[in-house]
Amino acid sequence: MSFEALYIPIGVPTFHLESAGAEFEKSISLLKSIDESIKVPDEMLLSLDKLNAFLDGKNPDLLIVQNITFANAAYISEVLRKFDAPVLLWTLREPVIDGGRLRLNSLTGAYSAANALKGFGRAFEYIFGSPEENRVQDKIRAVYNAARVKKALKSLNVLQVGHTPQGFGFGRALDIEMMQTFGANLLSIEARELIDSAKAYSDDEIKEYLSDAKKRINALDDIDEKNVLDFARLYKAYADYVKANNIGALSSRCWPDFFTSFGTPVCSVLGILNDLGVSSACEADTYGALSMFVSQYLTGKAAFFGDPVSMDENENTLTFWHCGMAPCSLAREDTGACAGVHCNRKIGPTLEFGCKAEEKVTVFRIGKKADGSFRFFVCSGEALDKPKQFFGTSIVVKTKNSAFDILNSSVNAGWEPHFAIAMGDIEEEVKALGNMLGVEVEAY
C-alpha cells in the first residue's frame with residue numbers, strides 16, 4: 001500500500017530567509033529520519049505560484065503544513081482547496097529574541113492557517129516547536145503513523161464469522177457504519193461454513209497445519225488426539241478463507257457452536273491467526289477485532305484481547321483475561337504457549353499462559369456511546385512479569401494513572417467489556433487517529 005505525505009513549508013520572502021532556510025533544512029532532516037519517502041520541495045514555498053507548482057500532480061494522505069515564516073490564509077486555503085487529507089500544522093519557534101528583527105513570525109502564520117482550517121470545517125493536529133525538540137519529533141511521528149493507519153483501514157477487509165452470543169450485541173458491526181467511519185469493508189459468513197469446510201479435510205490435508213501448531217504450542221500431545229486433529233482442521237479452514245479473501249482482521253463466534261456442533265474450540269486458531277498478522281477476536285466482537293488491528297498496525301506486534309477481570313489498588317494494576325486465545329508470541333519465556341482445556345467446557349485445545357513483561361502497553365477499545373456514535377478508549381501503562389492468573393490467558397497491566405479510578409470511571413461511562421492491549425505506547429497515535437476520523441477519544 002503506497003502512502004504519500006507532503007511537507008509544505010509556506011511563507012513569504014520578506015522575513016529573515018537565512019534563519020528560515022536553516023529551519024527548512026533541519027525540518028527536512030527530521031522528516032526523512034521518520035520516513036525517507038516523505039515528499040519535500042527543493043526550496044521553501046514563498047509564493048502561491050511555488051506552492052501550486054509543488055502540489056501539482058500529488059495525491060497526499062497526510063499534509064505537514066509548516067509556517068516557515070508568516071503566510072496569510074491564502075496559502076493554506078490553496079492546499080485545502082486541492083486536497084482532503086489529514087493536516088498537521090507545524091509552527092516554528094522564533095530562533096532569536098534579541099530586541100531586533102522578528103526573523104520568522106511563524107506563530108502568527110499558524111493562527112491564520114488554523115482560522116482557515118476551522119473555516120473549512122477541517123480537523124487538524126498542531127505542534128509548536130523546532131525540529132530538534134523531542135516533543136516535536138514525537139508528535140510528527142505519532143501523526144504520521146495515525147495517518148498511515150487511516151489509509152490502511154480503507155483497504156482493510158474485516159470478516160465476521162457468525163453472530164455474537166445473546167447479551168454480547170456490543171460487538172456487532174454494520175457494513176455501512178464500518179465503511180462510513182473507518183473506510184473498512186465488512187464481510188460476513190456463518191460459523192457453520194467454516195465448520196463444514198473443516199470437517200471435509202483429510203488427515204493428510206492438515207499435516208502442515210498440525211506441524212506448524214506444534215511448533216507454536218507446547219503440550220498439544222497431552223490433549224485428546226481427535227480434538228487436536230479437529231483443531232488443525234479448523235486452522236486450515238480459517239487460514240484458507242483468510243488468504244482467499246484477503247482478510248486483515250476477523251471476529252469469530254466461539255461458544256457454544258464450536259463446542260456443541262464441532263466438538264473442538266476455535267480459541268487456539270484465533271491465537272495463531274493473530275501471530276500471522278490477522279487480528280482476531282473471539283465472541284464475534286468485530287469492533288474488538290478492529291481495535292486489535294489498529295494496535296497491531298501501530299506496534300508491529302500482535303495484540304492481546306480480553307476482559308478486565310481484576311484490579312489491585314496496591315500494585316495499581318488491571319488484569320485482562322480470556323479463555324485461551326491470546327497470540328502465542330506474547331507468552332512468558334519460562335512457559336511458552338501451552339495447550340489446555342477450556343475452563344468451563346473442559347474441551348481443548350485452548351491456550352494457557354501468562355503474558356511476558358512489556359515496558360510500554362496501551363489499552364485500547366473502539367466502542368460506541370449509547371446514541372450509537374463511536375468513541376475510543378485509551379490508557380497507557382506497562383505489562384508486568386506475572387504468571388498466568390487464571391485458567392486461560394492473562395496479562396497484568398500497571399496503569400500510568402490510578403487503576404482504581406480507571407476502573408470506576410470506565411464502568412460508569414458504560415464501556416464494553418472487551419479491550420485490546422497493544423504492545424507499545426500508541427496513546428498519541430490513537431488520539432490523532434480519532435481526530436482524523438471524527439471519533440471522540442476518552443483518555444484514562
Side-chain angles (χ1 to χ4, degrees), residues 123 125 142 146 149-150 153 158 164-174 177-178 180-182 184 249 251 279 281-295 298 303-322 360-383 389 394-444:
E125 292 291 318
V149 176
K150 183 177 184 291
L153 287 168
V158 182
T164 57
Q166 184 177 5
F168 286 72
F170 60 83
R172 295 174 191 160
L174 298 176
E177 287 184 342
M178 179 72 76
Q180 182 181 44
T181 302
F182 304 101
S251 64
S279 301
C282 58
E283 295 178 327
D285 183 356
T286 304
Y287 291 116
L290 195 64
S291 305
M292 297 175 80
F293 174 83
V294 171
S295 300
L298 287 170
F304 188 93
F305 173 82
D307 309 334
V309 296
S310 180
M311 188 270 295
D312 187 320
E313 298 97 319
N314 295 323
E315 287 193 329
N316 198 47
T317 58
L318 291 170
T319 297
F320 296 85
W321 163 92
H322 228 279
K360 294 180 179 180
V361 299
T362 306
V363 183
F364 174 52
R365 169 78 200 185
I366 297 171
K368 280 189 169 184
K369 293 189 284 189
D371 63 5
S373 61
F374 287 99
R375 60 178 175 172
F376 288 172
F377 175 105
V378 63
C379 78
S380 57
E382 64 173 310
Q389 303 291 288
S394 59
I395 186 169
V396 180
V397 177
K398 183 176 182 179
T399 56
K400 182 174 68 175
N401 297 323
S402 166
F404 184 87
D405 291 344
I406 292 168
L407 183 154
N408 281 281
S409 297
S410 57
V411 170
N412 278 299
W415 280 95
E416 296 86 341
H418 288 162
F419 294 84
I421 293 86
M423 299 300 117
D425 184 357
I426 61 169
E427 184 168 349
E428 292 306 314
E429 285 87 345
V430 165
K431 290 176 180 178
L433 179 63
N435 190 24
M436 292 174 188
L437 296 174
V439 174
E440 179 184 339
V441 178
E442 296 183 19
Y444 287 81

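Summarising the geometry, atom NZ belonging to Lys150 is positioned 9.0 Å from atom CG belonging to Leu433; distances are rounded to the nearest 0.5 Å. Note: Lys400 NZ to Asp425 CG = 7.0 Å, rounded to the nearest 0.5 Å. Remark: Cys379 SG to Asp405 CG distance equals 12.0 Å, nearest 0.5 Å. Rounded to the nearest 0.5 Å, atoms CD (Glu313) and CG (Leu407) are 9.0 Å apart. Distance check, rounded to the nearest 0.5 Å: CE of Met311 to CG of Asn314 gives 9.5 Å. Annotation: the span from Glu442 atom CD to Ser410 atom OG amounts to 9.5 Å, rounded to 0.5 Å.
With Ser295 as the partner, the side chain to side chain contact (heavy atoms under 4.5 Å, CB included) test is satisfied by one option alone out of Phe305, Phe364, Phe304: Phe364. The side chain to side chain contact (heavy atoms under 4.5 Å, CB included) test with Ile366 singles out one residue from Phe377, Phe374, Phe293, and that residue is Phe374.
Across all their heavy atoms, Glu283 and Pro165 have their closest contact at O-CD, 3.7 Å. Thr286 and Ser251 make their closest contact through OG1-OG, 2.8 Å (heavy atoms, listed as atom of the first residue, atom of the second, distance). Nearest heavy-atom pair across Gly288 and Ala281 is C-CB, 4.1 Å. When all heavy atoms of Thr164 and Gly171 are compared, the pair lying nearest together is CG2-C, 4.1 Å. Residue Glu429 comes nearest to Ala142 through the heavy atom pair CG-O, 3.4 Å, listed as atom of the first residue, atom of the second, then distance.
By the salt bridge (Lys or Arg N to Asp or Glu O under 4.0 Å) test, Lys431 is found to be paired with Glu427, Glu428, residues two or more places apart in sequence or in another chain being considered. Under the rule for a side chain to side chain contact (heavy atoms under 4.5 Å, CB included), the partners of Ser373 that lie at least two apart in sequence or sit in another chain are Lys369, Asp371.
Judged by distance alone, with hydrogens and angles left aside, the side-chain atoms of Arg365 form no donor-acceptor pair with the main-chain N or O of Ser291 at under 3.5 Å. Between the side chain of Thr362 and the backbone N or O of Ile426 there is at least one donor-acceptor pair closer than 3.5 Å. Asn316 places no side-chain N or O within 3.5 Å of a backbone atom of Lys398 that could act as its donor or acceptor partner. The backbone N or O of Lys368 lies less than 3.5 Å from a partner atom in the side chain of Glu416, making a donor-acceptor pair. The closest donor-acceptor contact from the side chain of Asp307 to the backbone of His322 lies at 3.5 Å or more, if one exists at all. Under the 3.5 Å distance criterion, the side-chain polar atoms of Ser394 are matched with a main-chain donor or acceptor of Gln389.
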Trace of the side chain to side chain contact (heavy atoms under 4.5 Å, CB included) decision for Met423 with Val361: CA-CA 5 Å; Met423 299 300 117; Val361 299; 4.2 Å; yes
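In this structure the side chain of Phe182 never reaches within 4.5 angstrom of the side chain of Glu177, judged on heavy atoms. Within the 4.5 Å cutoff, the side chain of Tyr444 has no heavy atoms near those of the Thr399 side chain.
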